[in-house]
Every structure is written in structure tokens, then in C-alpha cells.
Amino acid sequence: MLTLNHFSELRDKTILGLKKRNWDDDKLGWVDKVAALDIERKEIQTELDNLKAFSNQASREIGNFMKSGQKGEAESLKSQVARNKIRISDLESRSDANKSEMQELLYKIPNIPHASVPAGKGSEDNEVFQDWTQPMPSLYDGALPHWELADKYNLFDLKLGVKITGAGFPLYRGKGAKLQRALIQFFLDQATQAGYEEIIPPHLVNADTATATGQLPDKDGQMYFCDLDKLYLIPTAEVPITNILRDEILDEKEFPVKFCGYTPCFRREAGSYGADVKGLNRVHQFDKVEIVRAEHPDKSYQALNEMIEHVKSLLDKLELPYRILRLCGGDMGFTSALTFDFEIYSAAQKRWLEVSSVSNFETYQSNRLKLRFRNNEGKTQLAHTLNGSALALARIVAGILENHQTPDGILIPKALQSYTGFSIIS
RNA sequence: GGUGAGGUGGAUGAGUGGCUGAAAUCAACGGUUUGCUAAACCGUCGUACGGGCUUAAACCUGUACCGAGGGUUCGAAUCCCUCCCUCACCGCCA
């Protein structure tokens, strides 16, 4: 949620930012609508506060009159307060209408892209921020995509997932399961070594939590929902972990706040189709280690760079070819100011697969979270939040299987061997 | 799931209709004292949103908030209703 100064002092910047997200004039009108609502809000509050002040004062006087037995004075004041009350309830309903209209608009307005974000409509306009310059893995004739490798080596079984649950719920088995567990352990160890505190959060969250990180109302329908208990299955560990900080006022000295956590992620992926959903490319349940940070606004872009370096080091250690994209305005997430996507190259599928997304939300998320810190002047100020996948498992598994396959079997990257306990899947 | 007790500021905890945005203690912060530490003493010590003054801050002032929402009343932390949560015991159980 954008702070209100985005609609007054920062109005022009806001308009430019939204244009980068390809907003038309119609929707851009919301910006001035919010500004107008804000002015109205202040007017209503000033008037309402004055009316209430009168009532409060009068009530005190009535008390005094009652004590001193001045019944007549008390009664006449009471009737004044009663008249006042009508005006108050009138204004209050105006105030409620104003608030809900404001909130509805604010929920519909995404974050303002960082200056470096390129303009563009969709994924084809993303900027290659760092390309893969080394040679691509050359596979032998007869190299297979990961879903065929899975059958060959008995690593995961999509049909069993369908039988037990439905499409998009893979079942891992044997060395496939062990590889999965090894990766989780490896990623957590790497994050912990980089100073992130490990968290095991709940996997179901309430509506307040889902709202605070921006999944609701924007992504309602993309989350699995337990109707009986009104709880949502988390689409990412970002949701419960970032909410640790909801309604907190940190001391400036507490920065940087660095959390990491492994969770399964549940996504309905309503509307997805086609080649994207083949094998592990797009599933409803996958495992992910997430890193989350809260930072001083002056340091958040430095933190973003550190997170990028961290993800790079993971992919290097897994010996996977990757590139980094700077997402364009049209492809960026709703709440993000700047996002870098990591894609690994799948040699067998001959395509790039997204495995990580690292973002700075600036104050967009903390405004809804009410995550503040006390600055050196003793004032409360919104913190910046960031998060990134480090890393998302299913597609990493796909990449390892495909890129490291040889006629003799699938070679496990050295860094992972102490976690898997085997060096080849054959 | 049943029964009972309860939810007050960073913590403990007082407060059953107006003098309470909230006692007291502790913690924290600033200061005095001190060779250092400790102790003692003095002071500060919620958040949000308005208004005034101002370049701004400071400052002054108003409103709201005592789990959440609603109600009664001139007036609610205090009374009533609904919901949520916590604790204890019982039941069930991985």
C-alpha cells in the first residue's frame, strides 16, 4: 500500500511510475481521486474532532452540574449533546464511506517502480541484467527432459500425485526424495551462514496475515483456503515470515533483520496451461527456502545486492547456468519496487526456467504491515522490506536432473554430495 | 468438544460509570554523584490521525485507541451482547 504522500508531494512521480506499469488514463485518475479523498478525510476529521470535543467537554460539565444539583443546567446541556450526536453520526457515516473508498483504491494501486525499472508490457521486455557468458552445457544425444528422467530413475511420480491428490502435486521417491531434502538442507545452511535466522513458520495463515503482505485482496483465488477455519495455505514463506514483523516498531540498531525459512508453497495457479505445466515446471505444491529482510531505507538497495550475490553463489555451487533479469514495469509483481528474476537454463527443454525472484518492496509492504523503526531523531518511520527465493526447489531439481545428466546417470554437484550421500543417480 | 477463570502501556499490575490515556513497581533512556562498577537521587518514558504555529523541527492543542466489533448512557477500561484469543481442569488424540 502506497503512503499518502505519493498522492500529494510525489504525485508526478507516482503517475510516471504507474505509466511504467502501463496504466491508462482511466486508472491514472485514481491517483487524484485518492488525493481528493485524503483532503476530504482531513476536513471530516477536523469537523468530527471538534464536535466530539464539544460533547466531551459538555459531558464533563453535566457531571459537575449533577454533583452540585443543578438539574436544569444539566438537562439543557444534555439536549445540546443529543443534537450534537446526530451531526456526529452523520459525519461518521461520511467518514466510513471515505475510508472504505480510500482503502479500496489503495489496495488497487501497485508499488511505484524504481527508477531503474525498464518500461515494458510483459516478460519479453525484461532486461537481461546479467547474461550467462560461459558455454552452455552440451548434452549427449538422447538427453531427456526431467519428467522422462524421473521415470527412468524412479525419482518422482506425477501419476501417483494425481491419484493421491490431483494434478500438480508431485510425489518424490527414493533418490528423488533424498535430493529434494538435500537441497532444502543445503539452502538453509547457506542462508544461515550468510546471517539469516532460520524460522519454521506456520503453513496456514489467517486473513490479517495474508492481507498484510499483500496477498489479499490482490491474490485471493490463487491461494488454497480452508473455509471451515478461514485459513489460507501459504503460497510462499514470505507471508508468515514477514508477518513476524507486523505492528512492530524496531530500534534502528536492530537492522538488518534477516530471516530465512523452508516451507512448502501452495498455489492454485488458476488459469495456467500448456507447456509450462509439464513435469515440475509449474506445480501446485513445491518446496522453497525463502530469505526475508527488513532494512533501514538507506540500506535496502545494498541489501538487495547482497541477496542477489547470495542467490548467485547458490547457483554457482549447484553448477547451473543462469541469467539474471531485471523485470520490466509490466512484468513486476504488484507490491515490488524492483525485482530481479533468476532463470536457469534447461538444456534438455531448451528453455529458461525461473527459479528465484528477489525484490525490494521499499515501504509498500511495511505500510500495510505497520512495520516501523525509531530513527535517530526518535521518530517512527516505515522500514523497507525485501525478500527472495533462495531457492525454489522443483525447478532446481528439474535443472539438476537435465543439465547434469550423462549416459551413465545424473551427476550430483559436489557441493551437494555431502547432503545427498551419493554422487550419481543411476 | 465440555466447564471455569481471564485479556489494561515494553513487563508485572491497580483500576466496577465522570477527578483515568490510565496508579504503582520493574525494565529502558537521559542526567547528577563516583577513581571504576554498583547503589542512590532527579528527569523522560505509548501509538495513530487532525488543527495551530513554523521553511522544518521543537512546541501548543484536539480526537481515537485498555483483545475485536456492536449496544446502553449526557459520559464506558469499568455495564450489556456477539466474536476472537489465553490459561486451568476434564474429554479426545498425532
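Just so we're on the same page: letters track the sequence lines, and every chain starts at 1.
Side chain of A:Ser366 to backbone of A:Thr363: a donor-acceptor contact under 3.5 angstrom is found. In this structure a side-chain-to-backbone donor-acceptor pair under 3.5 Å is present from A:Ser100 to A:Ala97. Between the A:Asn206 side chain and the A:Thr209 main chain, a donor and an acceptor come within less than 3.5 Å of each other. A donor-acceptor pair under 3.5 Å is formed between the side chain of A:Asn126 and the backbone N or O of A:Cys328.
Between B:C85 and B:U72, the two C1' atoms lie 26 Å apart (nearest whole Å). For B:A77 and B:U20, the P atoms lie 13 Å apart once the distance is rounded to whole Å. Spacing of C1' atoms, B:G75 relative to B:A5, comes out at 30 Å, to the nearest Å. Going from the P atom of B:C26 to that of B:A40 covers 9 Å, rounded to whole Å. To the nearest whole angstrom, the two P atoms, one in B:A57 and one in B:C49, are 13 Å apart. Separating the C1' atom of B:U78 from that of B:A14 is a span of 13 Å, rounded to the nearest Å. The C1' atoms of B:C66 and B:G13 are separated by 13 Å, rounded to the nearest whole Å. One C1' atom belongs to B:A76, the other to B:A22, and the distance between them is 13 Å to the nearest Å.
B:A57 is unpaired under the Watson-Crick or G-U wobble criterion, no partner having all donor-acceptor distances under 3.5 Å. For B:G1, the paired nucleotide is B:C90, the pair qualifying as Watson-Crick or G-U wobble because both relevant distances are below 3.5 Å. Base-pair partner of B:C45: not found among the strands shown (Watson-Crick or G-U wobble, both distances under 3.5 Å). Partner assigned to B:C26 is B:G10, using Watson-Crick or G-U wobble distances below 3.5 angstrom. In a base pair of the Watson-Crick type (N1 to N3 plus N6-O4 or O6-N4) or a G-U wobble (N1-O2 and O6-N3), with each distance short of 3.5 Å, B:U16 is matched with no nucleotide. Pair assignment for B:A40: B:U32, on the basis of Watson-Crick or G-U wobble contacts that are both within less than 3.5 Å. Pairing for B:A77 is absent, with no Watson-Crick or G-U wobble pair whose two atom distances lie under 3.5 Å. Summarising the base pairing, B:C66 is matched to no nucleotide, lacking a Watson-Crick or G-U wobble pair whose two defining distances lie under 3.5 Å.
If you check every strand for non-hydrogen atoms under 4.0 Å, A:Asn56 touches sugar and phosphate atoms only. Nucleic acid contact for A:Ser55: none, since no nucleic acid atom lies under 4.0 Å from a heavy atom of the residue. If you check every strand for non-hydrogen atoms under 4.0 Å, A:Ala58 touches nothing. Nucleic acid contact class of A:Lys379 (heavy atoms, under 4.0 Å, all strands): sugar-phosphate only.
Here the P atom of nucleotide B:G52 and the NZ atom of A:Lys42 are 11 Å apart, to the nearest Å. Atom CD1 in A:Ile88 sits roughly 11 Å away from atom C1' in B:C74 (whole-Å rounding). For the pair A:Lys67 NZ and B:C19 P, the computed distance is 8 Å after rounding to whole Å. Straight-line distance from the NZ atom of A:Lys52 to the P atom of B:U73: 18 Å, rounded to whole Å. Between the CG atom of A:Asp251 and the P atom of B:C29 there is a distance of 10 Å, given to the nearest Å. Distance, A:Glu43 CD to B:U63 C1': 17 Å, rounded to whole Å. Distance CG (A:Leu51) to P (B:A64): 12 Å, rounded to an integer number of Å. Between A:Asn98 atom CG and B:G50 atom P the separation is 11 Å, expressed in whole Å.
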Inset, instruction - Decide yes or no on side chain to side chain contact (heavy atoms under 4.5 Å, CB included) for A:His404 and A:Glu319, but give the supporting numbers first. - result: CA-CA 9 Å; A:His404 298 328; A:Glu319 301 163 38; 3.9 Å; yes

Legend entry - Criterion side chain to side chain contact (heavy atoms under 4.5 Å, CB included) on A:Trp147 and A:Lys278, from CA distance to verdict: CA-CA 8 Å; A:Trp147 51 89; A:Lys278 191 91 177 155; 3.3 Å; yes

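Taking the side chain of A:Ile249 as heavy atoms from C-beta on, and the options B:U47, B:C74, B:G51, the nearest nucleotide is B:U47. The nucleotide whose nearest atom lies closest to any side-chain atom of A:Gln45 is, among B:C74, B:C49, B:G46, B:C49. Residue A:Ser59 has its side chain nearest to B:G75 when only B:G46, B:G75, B:U63 are considered.
For B:U47, the OP1/OP2 oxygens have no side-chain nitrogen or oxygen of A:Thr380 closer than 4.0 Å. At B:C74, none of the side-chain N or O atoms of A:Arg83 fall inside 4.0 Å of OP1 or OP2 (strictly under the cut-off). Residue A:Lys85 has a polar side-chain atom (N or O) positioned under 4.0 Å from OP1 or OP2 of B:G75.
For the pair A:Arg368 and A:Tyr107, the cation-pi criterion (under 6.0 Å, within 45° of the ring axis) is fulfilled.
Aromatic rings from A:Phe259 and A:Tyr196 are positioned such that their centres are separated by 6.0 Å or more.
Of the residues near RNA chain B, A:Arg41 and A:Asp49, the one whose nearest nucleotide (by heavy atom distance) lies more toward the 5' end is A:Arg41. Heavy-atom nearest nucleotides on RNA chain B were determined for A:Asn64 and for A:Thr46, and the one closer to the 5' end corresponds to A:Asn64.
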